[in-house]
Protein chains: 2
Amino acid sequence: MKDVAARAGVGLKTVSRVVNGEPGVTPDTERRVQEAIDALGFRRNDSARVLRKGRTSSIGLVLEDLADPFYGPLSRAVEEVSRAHGSLLINGSSAEDPDREQELALALCARRVDGLVIIPAGDDHRYLEPEIRAGVATVFVDRPAGRIDADVVLSDSFGGARDGVAHLIAHGHRRIGFIGDMPRIHTAAERLRGYRAAMEDAGIPVEETWMSLGVTDPERVRRAAEEMLSGPAPVTAVFAGNNRVTVTVVRVIAEHARRVALVGFDDFELADLLQPGITVISQDPAGMGRTAAERLFQQLDGSLVVPERIELPTRLIARGSGELPPAD
Amino acid sequence: MKDVAARAGVGLKTVSRVVNGEPGVTPDTERRVQEAIDALGFRRNDSARVLRKGRTSSIGLVLEDLADPFYGPLSRAVEEVSRAHGSLLINGSSAEDPDREQELALALCARRVDGLVIIPAGDDHRYLEPEIRAGVATVFVDRPAGRIDADVVLSDSFGGARDGVAHLIAHGHRRIGFIGDMPRIHTAAERLRGYRAAMEDAGIPVEETWMSLGVTDPERVRRAAEEMLSGPAPVTAVFAGNNRVTVTVVRVIAEHARRVALVGFDDFELADLLQPGITVISQDPAGMGRTAAERLFQQLDGSLVVPERIELPTRLIARGSGELPPAD
DNA sequence: CTGAAAGCGCTTACAG
DNA sequence: CTGAAAGCGCTTACAG
């Protein structure tokens with residue numbers, strides 16, 4: 001910038017004005033500065049700008065896995081809102097590891113992102129308190145924050161699971177299995193609670209062997225499903241706690257001779273093309289991302305004061321697999 | 001930092017040493033500094049650090065659509081390599097718009113990312129020349145750079161498409177349709193070339209009505225597929241140019257009475273569970289992302305000199321839909 | 001309409 | 001082992 005000023009024969013401030021399109025420069029001066037910029041291949045260094053201005057015009061997104069299709073529409077929605085506000089998106093995956101979540105979130109804060117959208121892996125977010133106090137806007141999505149008071153945007157996991165299980169009960173099932181994620185994950189716990197509520201509402205006592213919680217990798221889910229589907233009194237229907245579980249259960253059922261009903265939490269592409277189509281409880285990941293990002297920028301505007309908990313409704317989409325009658 | 005130094009009764013440099021874990025500080029001094037840091041809630045400002053050091057330890061990823069499942073594993077692979085090198089990932093979508101690609105890439109450069117991984121939307125990247133000259137490492141993925149010499153990591157689109165079409169020919173088809181993306185997209189053009197090559201190798205003259213190129217939104221693809229499948233001499237097989245096309249074609253075929261063979265470029269989840277399973281030409285998106293990111297960091301090391309073009313092989317996975325005989 | 005001075009919060013190079 | 005000075009590349013506040 002100094003070189004540009006020297007070459008154009010003007011002061012530093014004038015170059016700054018031209019670069020930022022500020023008014024108050026004669027067309028002639030502007031032309032001279034522009035020529036110097038082009039000749040020298042000058043590119044403004046935003047780091048210096050940030051240092052002076054305070055705002056970085058960037059926000060951070062911490063999610064669980066960049067490659068999980070559930071987070072695709074969510075990330076895109078956050079990106080779109082961010083773009084509309086002139087901000088860039090920095091993101092990374094926690095891989096469901098609380099330490100890695102913290103490391104990432106703090107690294108983003110050290111870069112002075114203006115705000116943070118977090119899909120939390122851990123359940124203690126007090127490490128963010130100094131950052132929030134220092135003015136970093138923060139919104140949690142999909143799961144609530146732990147031990148701090150913060151904005152959070154959730155799906156109605158409890159209600160969705162209850163509706164899905166009630167749907168199976170309405171179609172005649174009584175022995176219904178539940179396969180979900182690790183119980184320390186809020187959504188997994190809520191969906192299990194929904195399952196229990198629906199069973200209790202129908203007066204069906206739940207057997208321990210009908211419930212399986214744990215990591216949702218294919219091997220474990222497959223084992224869990226096969227156990228529930230064997231023995232003297234196998235389940236006649238399964239409620240799958242998320243999209244990854246559903247896909248694995250579909251595979252297991254396809255290999256089975258007996259018909260098994262299935263309702264899965266989360267919609268997924270091609271669910272309607274399988275035979276039968278898969279009945280799901282669908283969430284609105286794009287809506288969650290949009291809502292979260294909008295709240296983030298409202299916090300940044302200063303128009304938001306009290307942290308809120310926003311819960312988006314779920315919707316049951318019947319496609320066949322959830323309407324199968326019990327095999328026996 | 002000044003406040004911390006004052007409170008601990010030490011110089012600025014000593015605080016800097018403690019914050020960065022540099023050697024040469026007595027345990028006692030270190031403790032005093034640490035106490036001052038905690039008491040004041042000090043958080044280092046990386047913007048200032050960047051300004052001095054030159055490197056930002058962040059890289060940019062410009063892709064087409066954050067929500068496209070094809071880019072999920074690619075993004076994750078880039079993130080993993082980036083993380084292994086201590087860098088953060090900033091990313092955004094071009095939405096297949098060359099102007100938006102340029103805007104994003106230049107915004108990332110203004111933030112002084114150390115390097116850029118780009119899935120290009122445009123075909124003229126001369127706008128990056130000053131940045132590359134200034135030391136920004138650059139690798140293109142999935143499609144080559146336009147009008148500049150740069151590292152690029154591709155799949156063998158030509159060979160993959162040729163193999164897929166040859167597979168259909170080997171199963172008795174002669175009237176084979178091709179539905180692909182806009183011809184200005186390199187991969188789309190290459191796949192069409194592969195289609196033509198396979199047909200020519202088999203001595204089958206191609207009719208204009210068998211080929212349809214354009215945006216791959218469901219409406220257009222559906223219309224194209226329906227046209228090819230109707231009339232007096234409909235195609236008996238379709239080669240789909242990418243995952244989005246394949247999914248739509250699967251839907252159209254499912255509504256048709258006549259059997260239609262199908263091979264799609266790109267593998268996708270559940271392709272094996274459809275009936276019949278979908279035969280695909282599979283790429284290795286994670287491998288592409290990893291290779292690209294590794295080359296980026298090699299450029300940053302200075303261990304790379306000449307831009308290279310790396311082509312990863314594709315693989316045909318037969319699952320049923322590509323082995324159906326012609327309906328007539 | 002234009003510019004000189006001070007400062008954002010760090011690190012580098014140097015001296016003690 | 002420790003620190004004072006200079007500087008990274010901008011913007012802010014002010015004066016002319």
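All chains are named by letter (A, B, ...) in the order of the sequence lines, taking the proteins before the strands, and each is independently numbered beginning at 1.
- Sorted by residue number, the members of residues 1-26 of chain A with any non-hydrogen atom under 4.0 Å from DNA chain D read A:Met1, A:Lys13, A:Ser16, A:Asn20.
- B:Ile185 pairs by the side chain to side chain contact (heavy atoms under 4.5 Å, CB included) definition with B:Glu96, B:Arg143, B:Asp181, B:Met182, B:Thr187, B:Ala188, not counting sequence neighbours.
- Scored by the salt bridge (charged side-chain N to carboxylate O under 4.0 Å, His left out) test, A:Lys13 finds A:Glu22 as partners (sequence neighbours excluded).
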inquiry  = Using the rule given for salt bridge (charged side-chain N to carboxylate O under 4.0 Å, His left out), can you reason through B:Arg7 versus B:Asp3, listing the C-alpha separation, both sets of side-chain angles and the distance that settles it, and then say yes or no?
reply    = CA-CA 6 Å; B:Arg7 184 177 178 119; B:Asp3 297 342; over 6 Å; no
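- For the residue pair B:Ser155/B:Ser157, the side-chain donor-acceptor check at 3.5 Å is not satisfied.
- The closest side-chain donor-acceptor pair between B:Tyr127 and B:Glu103, if any, does not fall under 3.5 angstrom.
- Note that CG of B:Asn91 and OG of B:Ser75 are 6.5 Å apart. Values are rounded to the nearest 0.5 Å.
- The stretch residues 29-38 of chain B has no heavy atom under 4.0 Å from DNA chain C, so no residue of it qualifies as close.
- Checked against salt bridge (charged side-chain N to carboxylate O under 4.0 Å, His left out), B:Glu35 has the following partners two or more places apart in sequence or in another chain: B:Arg31.
- Here the range on DNA chain C touched by chain B, meaning any atom under 4.0 Å from one of its heavy atoms, is C:dG9 to C:dT12.
- B:Phe140 is linked by a ring-ring contact (aromatic ring centres under 6.0 Å, His included) to B:His125, counting only residues two or more places apart in sequence or in another chain.
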task = Return one dot-bracket line describing DNA chain D 5' to 3' (Watson-Crick or G-U wobble pairs, both distances under 3.5 Å; ( ) same strand, [ ] crossing, | another strand, . none).
result = |||.||||||||.|||
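- A donor-acceptor pair under 3.5 Å is absent between the side-chain atoms of A:Arg309 and the main chain of A:Val152, judged by distance alone.
- Side-chain contact annotation: B:Thr26 with B:Asp28, donor-acceptor N/O pair under 3.5 Å absent.
- For the segment residues 47-59 of chain B, residues with any heavy atom less than 4.0 angstrom from an atom of DNA chain C are, sorted by number, B:Ala48, B:Arg49, B:Leu51, B:Arg52, B:Lys53.
- Residue pairs meeting the salt bridge (Lys or Arg N to Asp or Glu O under 4.0 Å) criterion with at least one partner in residues 66-77 of chain A, sequence neighbours excluded, are A:Asp68-A:Arg244, A:Arg76-B:Asp65.
- With sequence neighbours left out, B:Asp151 forms a salt bridge (charged side-chain N to carboxylate O under 4.0 Å, His left out) with B:Arg295.
- A search for ring-ring contact (aromatic ring centres under 6.0 Å, His included) contacts involving B:Phe70 returns nothing, not counting sequence neighbours.
- Side-chain contact check for B:Arg49 and B:Asn20: at least one donor-acceptor pair (N or O, by modelled atom type) lies under 3.5 Å.
- In terms of modelled atom types and a separation under 3.5 Å, the side chain of A:Thr14 and the main chain of A:Val10 share no donor-acceptor contact.
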